[in-house]
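So that the names make sense, note that chain A is the first sequence line, chain B the second, and so on, each numbered from 1. As the structure is a computational prediction, the values presented were derived from the model and not from experiment. Worth knowing before you read on, the calculation uses all heavy atoms, side chains too, and leaves out hydrogens, waters and symmetry mates.
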There are 2 protein chains.
Amino acid sequence: MATPQQPAGDEGRSVTRKIRLSREIVLEAALKLVDEEGLEALTMRRLGQALHRDPMGLYRYAANRAALLDGVTELVLNELAIFADDPDWQGQLRRIAHDLRLLALRHPNVVPLLVTRPLSTPLGLRPLGTLRPLEQILGLLIDAGFTASDALHVYRAYYGFLYGHILNELQEFIVDPDENEALLRLGLHRLPPKEFPRLRALAPALADYDGAAELDEGLTILLSGLAAHLSAPPVKKG
Amino acid sequence: MATPQQPAGDEGRSVTRKIRLSREIVLEAALKLVDEEGLEALTMRRLGQALHRDPMGLYRYAANRAALLDGVTELVLNELAIFADDPDWQGQLRRIAHDLRLLALRHPNVVPLLVTRPLSTPLGLRPLGTLRPLEQILGLLIDAGFTASDALHVYRAYYGFLYGHILNELQEFIVDPDENEALLRLGLHRLPPKEFPRLRALAPALADYDGAAELDEGLTILLSGLAAHLSAPPVKKG
DNA sequence: CCGGGGAAGTCTACATCGTAGATATTAGGC
DNA sequence: GCCTAATATCTACGATGTAGACTTCCCCGG
């Protein structure tokens, strides 16, 4: 018989033989769990159950729950491709921004991690995968002609704006897609009209938010402004 | 004897008579706990202990822990003053930005809440205190001559940038203030030099981050860009 | 072929958490 | 003074992260 022993130990523990785990398999299962059921569903026991393993065994692949969370953020950020040798730095930053935006929309439950984990880990102790974008963007900017310290300024303004936009866009989510009145779609009817007249009046505008366009406009302003304020070439040769 | 009965029930429970609690007192104690010991220290039992009350009694003032967290963010945001009738909208937005930045620096442990709670609560269900800045800034912009929908665009770009900046600044924190070599102050010596040459080289620039200046430069670019792209008066009459 | 040793896996147990529900205590109206 | 309703307290339950002991497996030198 194929798929040999598996004596109905269904709870994750007391199962005899399985394929070998690896850090990546564990992290991918963790990401899946977060995507499907939210951050708070990612517990050691639930993850063990999803992998048909004893929860304690997971500590081989992540020292503790915090490390597991770090691993998930790293896994997600690894999906972000950066071409540091692109001579068109503005175009490249634009593309990265849209990629990261889509990544965030694909994994909305991970965004709190992306934003929150770095607040409790000093730069030097972060998972390397989360620092690589920083290093590569610095390279991109320096190669494009920026001073090292100007590159850092540009990076800060750019990444700050990008994360801010993503947070903004994700928090304006629709509460009731079946409803067709804008006020109700956003749940705004609960706000006292005297105190929130403009917010309520803006319901239609809020309800059709074109995130990509809004991001792009902001980037245009920011990037051209940065290029002007600092000493940078507009677009280099091909 | 003053301070009458208090028969050494030190654990927070079994204490006889105290001044009456109120939502504000509870929230202020919660904020204190978060400021002093971090978010994870804010548990019902610890808070009850801090107030010398039975933990269960707190459910009179917050329906559950999530509501307590919402209350804390509301309390912090209430410290932010907005003068919606200022005709100099750019100046006002600048001031608000710096105020919020300082507020975040004063309560760094609350920032994850500021940024994270709205992701799990639709607009209409948020604590009113967290929506008031939005309403007021919309008012400021509309009074300054912006279309309602342009005002929303400006608000989004502005607030996104602002939150992004705050996140950025807070995550570049110093790990070892006693050390005087920049690399070590930030813990960057652990990074593999081959893979992170520019990041390591930028250690000195990273170590002296002038957050206020950086925020201000970004705002200058963003606000003037927004004023130009949309149809807005540069600065209105006094 | 054996058997010993280290790694991988399992299990039990503990402190802590949020909170439902029962119980005790208080305060105010008649 | 007593009944009632609000308020306060207690107990208990099902989770959680993770330390530490125990068991099982695999491989490698003899």
Step-by-step salt bridge (Lys or Arg N to Asp or Glu O under 4.0 Å) determination, B/Glu74 to B/Arg126
CA-CA 9 Å; B/Glu74 201 178 6; B/Arg126 309 240 178 102; over 6 Å; no

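The cationic group of A/Arg156 lies under 6.0 Å from the six-membered ring centre of B/Tyr209 and within 45° of the ring axis, placing it in a cation-pi geometry.
The backbone N or O of A/Val154 sits nowhere less than 3.5 Å from a side-chain atom of A/Tyr159 that would complete a donor-acceptor pair. Between the side chain of B/Gln136 and the backbone N or O of B/Ala84, no donor-acceptor pair lies under 3.5 Å. Put simply, the side chain of B/Arg185 never gets that close to the backbone of B/Asn180: no donor and acceptor are under 3.5 Å apart.
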Identify all pairs in which a protein N or O lies below 3.5 Å from an N or O of nucleotides 21-25 of chain C, and state each distance.
none

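When distances run from any side-chain atom of B/Arg60 to the nucleotides D/dG17, C/dT10, D/dA8, the shortest one goes to D/dA8. Listed nucleotides: C/dG18, D/dT16, D/dA8. Nearest to the side chain of A/Arg45: D/dT16. The nucleotide whose nearest atom lies closest to any side-chain atom of A/Met44 is, among D/dG17, C/dA8, C/dC17, D/dG17.
Rounding to whole angstrom units, CG of residue A/Asp54 and C1' of D/dA19 are separated by 14 Å. Atom-to-atom, CG of B/Leu69 to P of C/dC17 comes out at 14 Å; the value is rounded to the nearest Å.
Heavy-atom distances under 4.0 Å link DNA chain D to no residue of residues 31-39 of chain A.
No more than 12 heavy atoms of other residues, nucleotides or ligands shown are found within 6.0 angstrom of CD on A/Glu24.
Under 3.5 Å, the side chains of A/Gln92 and A/Arg95 contain a donor-acceptor pair of N or O atoms.
Between C/dA8 and A/Arg20, a contact under 4.0 Å exists linking OP1 or OP2 to a side-chain N or O.
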